[in-house]
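As structure tokens, the structure follows; a few thoughts come after it.
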Amino acid sequence: MNRIFPQPRTLDGNPARESKTLESEEDCCGPFSCCTRRGFWISAWTLLLLTLLTFIIWLVSSFGLPPPSQMTRACATTSNQTGFLCDDRDTCIPASLVCDHVRSCTHGEDEEEALCGNVPHSLPSFLVFHCSDPTSWVFEDRKCDGFNDCGDCSDEGTLARCPPCGPQWWSCPSTWYQYCGCVPRDLCRDRVQHCSDWSDEYICPGP
């Protein structure tokens, strides 16, 4: 006759669960345990990251860092003239102050050798206006200023796309070399002919 032993129970009356055997515990801590496998993958990922970092360092040392992007130097001055933007990205100096042997930008970038070494060819195109005479040029902010900077008035005419004479100027064909199609109003009625039709002395109302 077989004897039936009662199943062990906990204090609350529920059947007690079988505890893990010593063998299963040893399986988790053996030479090929889950702990060992986890350490293996951590080591593998660490080695991969070190290899990648070494490769990046080799690329930088072999080919160097990519060159920084060129900043745009074109800007408009407070008088709405073409200007040169300094490194502080805030100061905009008139085009004609570039390469004049005076440092107008704080760090002197307007007088650098790369910019001023072979004027006008070394200057950015936005700073230069080419006169009708291919051997002559003026700074961009000198065109349409009322004065004959090119010597043939091409910087004050249709080539420069200048607007009509401003309120401080009188429109007429000038007899003076320094003016073109506009004469300063403060020269009107000064008893000196500045217009070929004398309109500066008989029609111009003055300043």
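Start at 1 with the first residue, then count along the sequence.
The minimum heavy-atom distance between Gly83 and Leu127, with the atom names listed, is O-CD2, 4.1 Å. The two residues Pro124 and Leu115 come nearest to each other via the heavy atoms CD-CD1, 3.5 Å. Residues Gly117 and Ser122 come closest through the heavy atom pair N-OG, 3.7 Å. Closest of all the heavy-atom pairs between Ala76 and Asn80 is CB-OD1, 4.2 Å.
In terms of hydrophobic clustering, with Ile, Leu, Val, Met, Phe, Trp and Tyr side chains grouped at heavy-atom distances under 4.5 Å, Val98 and Phe126 are assigned to a common cluster. The same ILVMFWY cluster, assembled from side-chain heavy atoms under 4.5 Å apart, contains both Leu123 and Phe84.
For Thr77, the side chain to side chain donor-acceptor pair (under 3.5 Å) criterion is met by Ser79, not counting sequence neighbours. Under the rule for a side chain to side chain donor-acceptor pair (under 3.5 Å), the partners of Asp197 that lie at least two apart in sequence or sit in another chain are Ser199. Under the salt bridge (charged side-chain N to carboxylate O under 4.0 Å, His left out) criterion, Glu156 pairs with no residue at all, not counting sequence neighbours. Residues passing the salt bridge (charged side-chain N to carboxylate O under 4.0 Å, His left out) test with Asp190: none are found, sequence neighbours excluded. Under the side chain to side chain donor-acceptor pair (under 3.5 Å) criterion, Arg73 pairs with Asp87, sequence neighbours left out.
The environment of Gln178 atom CD is dense: over 12 non-hydrogen atoms of other residues, nucleotides or ligands sit within 6.0 angstrom.
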Return a table of donor-acceptor pairs under 3.5 angstrom between the side chains of residues 131-139 and protein atoms on other chains or two or more places apart.
from, atom 1, to, atom 2, distance (Å)
Ser132, OG, Asp152, OD2, 2.3
Asp133, OD1, Thr135, N, 3.1
Asp133, OD1, Thr135, OG1, 2.9
Asp133, OD2, Thr135, OG1, 3.1

Donor-acceptor contacts, no H, no angles, side chain residues 44-52, under 3.5 Å, sequence neighbours left out:
from, atom 1, to, atom 2, distance (Å)
Thr46, OG1, Ile42, O, 2.8
Thr51, OG1, Leu47, O, 2.8

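Judged purely by atom type and a 3.5 angstrom limit, Asn148 uses its side chain to pair as donor or acceptor with the backbone of Cys153. No donor-acceptor pair closer than 3.5 Å links the side chain of Ser196 to the backbone N or O of Ser174. The backbone N or O of Asp200 lies less than 3.5 Å from no partner atom in the side chain of Arg189, so there is not a single donor-acceptor pair.
Between Asp149 and Phe129, every side-chain heavy-atom pair lies at or beyond the 4.5 Å cut-off.
Summarising the hydrophobic clusters (Ile, Leu, Val, Met, Phe, Trp, Tyr; side-chain heavy atoms under 4.5 Å, direct or chained), the residues clustered with Ile57 are Leu53. The hydrophobic cluster containing Trp176 also includes Phe147, Trp169, Tyr179, Val183, Leu187, Val192, under a criterion of side-chain heavy atoms closer than 4.5 Å among ILVMFWY residues, counted directly or through chains of members.
Residue pairs meeting the side chain to side chain donor-acceptor pair (under 3.5 Å) criterion with at least one member in residues 104-118, sequence neighbours excluded, do not occur. Screening residues 94-107 for salt bridge (charged side-chain N to carboxylate O under 4.0 Å, His left out) gives no qualifying pairs among residues at least two apart or on separate chains. Listed by first then second residue, pairs satisfying salt bridge (charged side-chain N to carboxylate O under 4.0 Å, His left out) with a partner in residues 136-148 read Glu140-Lys143, not counting sequence neighbours.
Taken together, the cysteine pair Cys172 and Cys204 keeps its SG atoms at least 2.5 Å away from each other. Disulfide check for Cys92/Cys86 fails, with the SG atoms at least 2.5 Å apart.
In this structure, the separation between SG on Cys144 and CD on Gln81 is 10.5 Å, given to the nearest 0.5 Å.
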